[in-house]
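Following: one structure in structure tokens, then a few remarks.
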Amino acid sequence: CIGITAVVVVVTLSGAVQRSIDNEVGVLFDSSIKVWTGNPRLPPGSQPQPFSASDLDAVRGLDGVETVQLQRQGEMAARQGAKDARVKVHGAQPSTLQVNRLSIVQGRTFMPVELATGAQVVVIDHKVRETLFRPGEQAIGRTLFLSAETGSPGAAGDQAAPAPARLPFTVIGQFEP
């Protein structure tokens with residue numbers, strides 16, 4: 001009896017563990033494939049070729065492909081009031097929040113007209129909120145100033161190049177993963 005019970009328990013537990021692992025791995029990969037342009041073997045200074053419209057259309061036409069989403073990301077300097085921070089910035093499309101399984105917890109998401117016209121609006125995460133805003137301070141409706149880089153030495157090395165313009169973006173929402 002003890003032997004049979006032990007075998008049943010081991011089989012039941014191994015099945016449960018396998019399902020748990022499958023669920024966890026499924027959440028991590030969630031049937032999405034990310035593809036980047038670029039090649040680490042390119043000579044220094046070379047620029048990778050972006051995907052063409054026909055490349056994207058070909059991928060969209062494949063069986064099982066639900067969506068193809070272009071993303072652009074990088075780091076920028078952010079300023080709100082007297083606070084500065086380096087932040088990660090991601091370019092958005094209508095499905096960006098959904099594809100990345102992000103939900104709005106405050107404010108709203110992007111309106112189609114904002115995406116179509118390139119309106120200067122942002123949705124921030126809790127880290128940016130904590131870094132640039134005081135506790136209890138309203139972030140929605142406030143303006144963040146973003147710039148690509150801070151000043152760098154000029155060609156002669158003795159003068160600083162002018163810092164890029166800080167562009168104003170209105171905070172329209174906050175998301176939590």
Side-chain angles (χ1 to χ4, degrees), residues 7-78 85-132 139-141 144 146-149 164 167-177:
V7 168
V8 170
V9 168
V10 168
V11 169
T12 303
L13 286 177
S14 66
V17 167
Q18 182 65 42
R19 282 188 299 279
S20 175
I21 290 171
D22 289 345
N23 288 338
E24 291 297 318
V25 170
V27 167
L28 288 175
F29 295 105
D30 72 22
S31 301
S32 65
I33 298 173
K34 296 182 187 226
V35 180
W36 291 266
T37 60
N39 182 342
R41 296 182 189 149
L42 285 174
S46 297
Q47 292 295 318
Q49 294 299 311
F51 293 112
S52 68
S54 62
D55 294 336
L56 298 173
D57 288 339
V59 173
R60 283 184 186 101
L62 296 173
D63 289 338
V65 173
E66 291 179 22
T67 183
V68 173
Q69 180 177 19
L70 299 176
Q71 289 187 1
R72 179 157 278 204
Q73 61 188 38
E75 279 196 8
M76 297 185 94
R86 298 286 300 164
V87 296
K88 290 183 182 177
V89 179
H90 298 265
Q93 289 187 296
S95 58
T96 298
L97 294 172
Q98 179 185 8
V99 166
N100 291 304
R101 295 185 176 192
L102 302 171
S103 58
I104 299 292
V105 294
Q106 203 174 24
R108 63 175 176 83
T109 187
F110 303 102
M111 304 293 258
V113 69
E114 291 169 335
L115 294 167
T117 61
Q120 290 179 215
V121 294
V122 295
V123 176
I124 61 175
D125 68 4
H126 69 283
K127 289 180 186 176
V128 171
R129 190 191 185 314
E130 289 174 359
T131 303
L132 294 175
I140 307 302
L144 292 182
L146 299 175
S147 64
E149 298 288 331
L167 300 175
F169 287 81
T170 302
V171 178
I172 61 169
Q174 179 182 335
F175 67 85
E176 292 288 339

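Just so it is clear, the structure is predicted and the values come from calculations on it, not from any experiment.
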If we only count heavy atoms from C-beta on, is the [X] to [Y] side-chain gap below 4.5 Å?
{"X": "T170", "Y": "I140", "value": "no"}
{"X": "Q120", "Y": "P168", "value": "yes"}
{"X": "Q174", "Y": "H126", "value": "yes"}

Between E176 and S103: side-chain donor-acceptor atoms closer than 3.5 Å | no
Check: D57/S54 side-chain N/O donor and acceptor closer than 3.5 Å = no
Between K88 and E75, does at least one N-O distance fall below 4.0 Å, as a salt bridge requires?
-> no
Is it true that E66 and R60 have a side-chain N and a carboxylate O under 4.0 angstrom from each other?
-> no
Report the distance from atom [atom1] of [X] to atom [atom2] of [Y], rounding to the nearest 0.5 Å.
{"X": "L144", "Y": "I124", "atom1": "CG", "atom2": "CD1", "result": "6.0 Å"}
{"X": "L97", "Y": "L102", "atom1": "CG", "atom2": "CG", "result": "5.5 Å"}
{"X": "F175", "Y": "R129", "atom1": "CZ", "atom2": "CZ", "result": "14.0 Å"}
{"X": "I104", "Y": "I172", "atom1": "CD1", "atom2": "CD1", "result": "7.0 Å"}

For F169 and V121, what are the C-alpha separation, side-chain angles and deciding distance, and is it a side-chain contact (heavy atoms from CB on, under 4.5 Å)?
-> CA-CA 5 Å; F169 287 81; V121 294; 5.9 Å; no
Looking only at atom types and distance, does a side-chain atom of E114 sit under 3.5 Å from a main-chain N or O of M111, one as donor and one as acceptor?
-> yes
Please report the C-alpha distance between T96 and Q69 in whole Å, then the side-chain angles of each, then the deciding distance to 0.1 Å, and finally whether the side-chain contact (heavy atoms from CB on, under 4.5 Å) criterion is met.
-> CA-CA 7 Å; T96 298; Q69 180 177 19; 2.4 Å; yes
Which heavy atom in R108 sits nearest to a heavy atom in V123, and how many Å separate them?
-> O-CG2, 3.9 Å
Please assess V171 against V128 for the test side-chain contact (heavy atoms from CB on, under 4.5 Å), listing each intermediate value before the final yes or no.
-> CA-CA 11 Å; V171 178; V128 171; over 6 Å; no
